[in-house]
2 protein chains.
Amino acid sequence: MAQAAEALQHALQRLHIPFDAAQFQWQGIVPVEYKAHAGEARGLGWRGVTRYSLGRPPYIEAQFALRYFEIAPDGFSSLEKHTHVHLVVVVRGRGRALVGARVFELQPLDIVYVPPRTPHRWVNPYNEPFGFLCTVDAARDKPQPLSDEEWETLKANPETAPYVF
Amino acid sequence: MAQAAEALQHALQRLHIPFDAAQFQWQGIVPVEYKAHAGEARGLGWRGVTRYSLGRPPYIEAQFALRYFEIAPDGFSSLEKHTHVHLVVVVRGRGRALVGARVFELQPLDIVYVPPRTPHRWVNPYNEPFGFLCTVDAARDKPQPLSDEEWETLKANPETAPYVF
């Protein structure tokens, strides 16, 4: 078993995973790879993204997975879409989300819903880490790049254009 | 449609639900009833619990539901069990959780996993509100009271006994 998965399993078996506010880390939880193989498709580049799994089957008996993503200053996630949804709760710093035709300014405990097949990207233009919890269905499809039409539409929209690259 | 559900639907349609830190409230999200009909069974009493739905089908296309529970000072939830699991992230104040044979002290961003059929109760012995996010499968069973054996075992355990009532 990979190190991160084994650590998660052990942490969940203890039922309580204490949070270390000074380090902004959960006890025994280690990062998992964020898209080492995102591919070369347009928009799928990313920078400064760290992913932590906080609970998923088979380590919890559920149909969902909870992750924590942290984006370093000047970092951004892939610009992508998929059929599964995201329900996000910001827990650290500030950031921005491109979701469909909109860009939202985010601060702690703000919620973002990313509906099915909706292009989205998380961006941290600030000088502190930006972190959020993200719940998804455990059974889900892989992220896809945007279509030509989606790409051009977001490029033509002054609100979203800066985040289409 | 009930007022809380309609408000949730509208909030999620806007994709971004801003959080008001001064009020500790999400814009357009209103409380839903916490167990008006919990029944008279042993342990199912509760005090000072407010529940908010932050996302659930059919308002999000997912198999999970995200809720926020807030427990007032001296409040507590029902002592119960069920087959579905909880994955909890504390976001406000401090509190305690009885989970199985253990009692955990909780602070912000601590995680608690409640496995299937495990007796649990959330308690706020402090003088500030205690609040946590709780993700569950959307399709889930109803809470049940503890069996006689479970009740007596927790009563006989000095760690859990204070929370068995």
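Protein chains get the first letters and strands the later ones, always in sequence-line order, with residue 1 at the start of each.
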Which atoms of B/Gln27 approach chain A - backbone, side chain, both or neither, heavy atom under 4.5 Å: neither
Is there a path of hydrophobic side-chain contacts, each under 4.5 Å between heavy atoms, that joins B/Val32 and B/Trp122? no
Indicate, with yes or no, if A/Leu106 and A/Tyr126 share a hydrophobic cluster defined by side-chain heavy-atom contacts under 4.5 Å among Ile, Leu, Val, Met, Phe, Trp and Tyr. no
Measure the OH-CD distance between A/Tyr113 and B/Gln13 for me, rounded to the nearest 0.5 Å. 10.0 Å
Take A/Val89 and B/Leu66, measure what side-chain contact (heavy atoms from CB on, under 4.5 Å) needs, and give me the verdict at the end. CA-CA 10 Å; A/Val89 183; B/Leu66 176 65; 3.8 Å; yes
If you count heavy-atom pairs within less than 4.5 Å of chain A, which of B/Ile60, B/Val112, B/Val99, B/Thr83 leads? B/Ile60
Enter the distance from B/Gln107:CD to A/Asp20:CG here, rounded to the nearest 0.5 Å. 9.0 Å
Any side-chain to backbone donor/acceptor pair from B/Asp137 onto A/Ala62? Under 3.5 Å, distance only. no
Rounded to the nearest 0.5 Å, the CG atom of A/Leu87 sits from the CZ atom of B/Phe64 at a distance of 5.0 Å
When rounded to the nearest 0.5 angstrom, what distance separates CD in A/Gln63 from CZ in B/Arg140? 12.0 Å
Group every Ile, Leu, Val, Met, Phe, Trp and Tyr by side-chain heavy-atom contacts under 4.5 Å, then state whether A/Val88 and A/Leu79 land in the same group. no
Side-chain heavy atoms nearer than 4.5 Å, only ILVMFWY residues, links allowed to pass through others: does that put A/Val103 and A/Phe132 together? no
Any chance CZ of A/Arg51 has more than 12 other-residue heavy atoms, nucleotides or ligands included, within less than 6.0 Å? yes
Rounded at 0.5 Å granularity, tell me how far OH in A/Tyr68 sits from CD1 in B/Ile111. 11.0 Å
Under 4.5 Å to a heavy atom of chain B? For A/Phe24 that would be side chain
How far does NE2 of A/His16 sit from CG of B/Asp110, to the nearest 0.5 angstrom? 3.5 Å
For B/Trp26 against A/Leu109, the heavy-atom pair lying closest together: NE1-O, 2.6 Å
Above 12 or not: heavy atoms from other molecules or residues under 6.0 Å from CD of A/Glu128? no
Heavy-atom distances under 4.5 Å only: say whether A/Val90 touches chain B with side chain, backbone, both or neither. neither
Decide whether B/Trp46 and B/Val164 are clustered together by the hydrophobic rule: side chain heavy atoms of Ile, Leu, Val, Met, Phe, Trp, Tyr closer than 4.5 Å, transitively. no
Pick one of side chain, backbone, both or neither for A/Leu133, based on which atoms fall under 4.5 Å of a heavy atom in chain B. side chain
